[in-house]
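Chain letters run A, B, ... following the sequence lines, proteins first, then strands; residues in each count from 1.
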Amino acid sequence: GQQLNQSPQSMFIQEGEDVSMNCTSSSIFNTWLWYKQDPGEGPVLLIALYKAGELTSNGRLTAQFGITRKDSFLNISASIPSDVGIYFCAGQLPNTGNQFYFGTGTSLTVIP
Amino acid sequence: DTAVSQTPKYLVTQMGNDKSIKCEQNLGHDTMYWYKQDSKKFLKIMFSYNNKELIINETVPNRFSPKSPDKAHLNLHINSLELGDSAVYFCASSYYGEPQHFGDGTRLSIL
């Protein structure tokens with residue numbers, strides 16, 4: 001299956017700092033999603049992106065669909081302790097209908 | 001009012017046993033999925049059903065058999081459990097082609 005590589009693998013930051021993470025693939029995707037997984041729970045959708053170059057915000061979170069369609073970026077501004085969790089990207093290949101491939105995850109720790 | 005609910009949340013069993021996990025969604029979605037999350041947190045799709053028809057069947061041992069009695073339910077039966085089956089299994093649902101909503105997972109531990 002498709003491999004989506006996320007970086008960094010893990011981050012330790014101070015409360016109040018901004019965070020950037022990205023997701024890259026060797027294939028072109030027509031949809032990019034960003035999810036957050038809290039400990040002991042399932043992933044929750046944060047942002048969905050459907051068009052190359054698209055920039056979408058959800059509160060302090062902003063995500064971008066890379067212009068090459070092979071990458072996507074997620075930024076979190078002014079981090080707070082409840083931002084702790086694992087962030088996953090997911091991509092949908094063209095003409096595959098329903099299949100999404102998930103990235104390797106970025107684990108975020110926010111130090112108060 | 002849980003959207004995607006899985007039971008049980010925890011499952012501890014002996015190697016060689018057969019077990020089932022159940023999933024129900026009340027979102028009116030037409031597509032349901034099973035994912036496996038390993039110890040490194042990698043999420044891999046196993047199966048997907050659309051309107052009770054199997055549409056995604058990744059390379060999964062045939063000891064795993066999904067069953068969808070109706071659009072709102074997707075169960076997973078596992079025969080002859082092995083140590084490597086220990087993982088968190090997530091059910092998800094969506095409208096076809098749309099982003100998925102996940103349940104809270106079933107933590108399967110094989111002794």
Side-chain angles (χ1 to χ4, degrees), chain A residues 1-11 21 23 25 29-51 54 56 58 63 65 72 74 84-109, chain B residues 2-10 21 23-25 27 29-60 68 71 74 87-107:
Chain A
Q2 288 294 317
Q3 182 79 26
L4 298 185
N5 296 308
Q6 284 186 244
S7 71
Q9 189 175 356
S10 60
M11 304 180 76
M21 60 187 79
C23 187
S25 168
F29 285 82
N30 65 356
T31 301
W32 285 98
L33 309 174
W34 285 93
Y35 285 85
K36 182 192 178 203
Q37 185 177 17
D38 289 331
E41 297 183 14
V44 173
L45 182 68
L46 299 173
I47 294 177
L49 303 159
Y50 297 102
K51 203 167 140 182
E54 181 181 349
T56 298
N58 177 4
F65 193 136
S72 181
L74 177 70
V84 164
I86 303 177
Y87 290 79
F88 290 99
C89 63
Q92 184 184 44
L93 291 169
N95 304 317
T96 57
N98 206 45
Q99 186 146 359
F100 286 86
Y101 297 92
F102 277 78
T104 47
T106 293
S107 174
L108 178 63
T109 301
Chain B
T2 304
V4 181
S5 58
Q6 299 178 226
T7 54
K9 186 168 176 125
Y10 298 95
I21 309 172
C23 179
E24 175 181 7
Q25 56 95 5
L27 295 166
H29 290 157
D30 57 6
T31 308
M32 296 185 74
Y33 313 77
W34 279 110
Y35 283 84
K36 179 180 180 181
Q37 187 173 46
D38 61 23
S39 57
K40 294 183 180 174
K41 305 299 183 185
F42 186 62
L43 269 167
K44 188 168 174 11
I45 190 161
M46 301 172 69
F47 303 103
S48 176
Y49 273 74
N50 175 249
N51 287 318
K52 303 194 297 174
E53 297 294 322
L54 182 65
I55 57 170
I56 295 175
N57 185 0
E58 290 292 289
T59 307
V60 174
S68 181
K71 284 196 312 183
L74 180 62
V88 183
Y89 292 84
F90 285 100
C91 177
S93 73
S94 74
Y95 293 112
Y96 184 83
E98 295 291 310
Q100 293 144 30
H101 297 250
F102 285 81
D104 281 341
T106 294
R107 284 133 196 86

Q: Say you draw a straight line from CZ of A:Phe100 to CD1 of B:Ile56; how long is it, rounded to the nearest 0.5 Å?
A: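 Reported to 0.5 Å precision, the distance equals 9.5 Å.
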Q: Got A:Phe102 and B:Gln37 here, is their nearest side-chain heavy-atom distance under 4.5 Å?
A: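 No; the side chains remain at least 4.5 Å from each other.
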Q: Give the minimum heavy-atom separation between B:Phe102 and A:Pro43, together with the two atoms involved.
A: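 Here B:Phe102 and A:Pro43 meet closest at CB-O, 3.5 Å.
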Q: Of the backbone (N, CA, C, O) and the side chain (C-beta and beyond), which part of B:Tyr96 lies under 4.5 Å from a heavy atom of chain A, both, or neither?
A: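 Contact with chain A is through both the backbone and side chain of B:Tyr96.
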Q: For the residue pair A:Gly42 and B:Asp104, what are the closest heavy atoms and their distance?
A: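 Closest approach of A:Gly42 to B:Asp104, heavy atoms only: N-OD1, 3.4 Å.
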Q: Looking at chain A, which one of B:Gly97, B:Ser94, B:Cys91 has the largest number of heavy-atom pairs inside 4.5 Å, strictly under?
A: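 Between B:Gly97, B:Ser94, B:Cys91, the count favours B:Gly97.
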Q: Quick one: pull up CD in B:Gln100 and CG in A:Leu45 and give me the separation to the nearest 0.5 Å.
A: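 That separation rounds to 9.5 Å.
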Q: How about B:Lys9: does its NZ atom have over 12 heavy atoms from other parts shown lying under 6.0 Å from it?
A: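 Atom NZ in B:Lys9 is crowded, with more than 12 foreign heavy atoms closer than 6.0 Å.
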Q: Need one label for A:Glu41: side chain, backbone, both or neither, based on atoms under 4.5 Å from any heavy atom in chain B.
A: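 Both backbone and side chain.
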Q: Would you give the length of the straight line joining atom CD of A:Gln9 to atom NZ of B:Lys41, rounded to the nearest 0.5 angstrom?
A: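 Taking CD in A:Gln9 and NZ in B:Lys41, the distance rounds to 13.0 Å.
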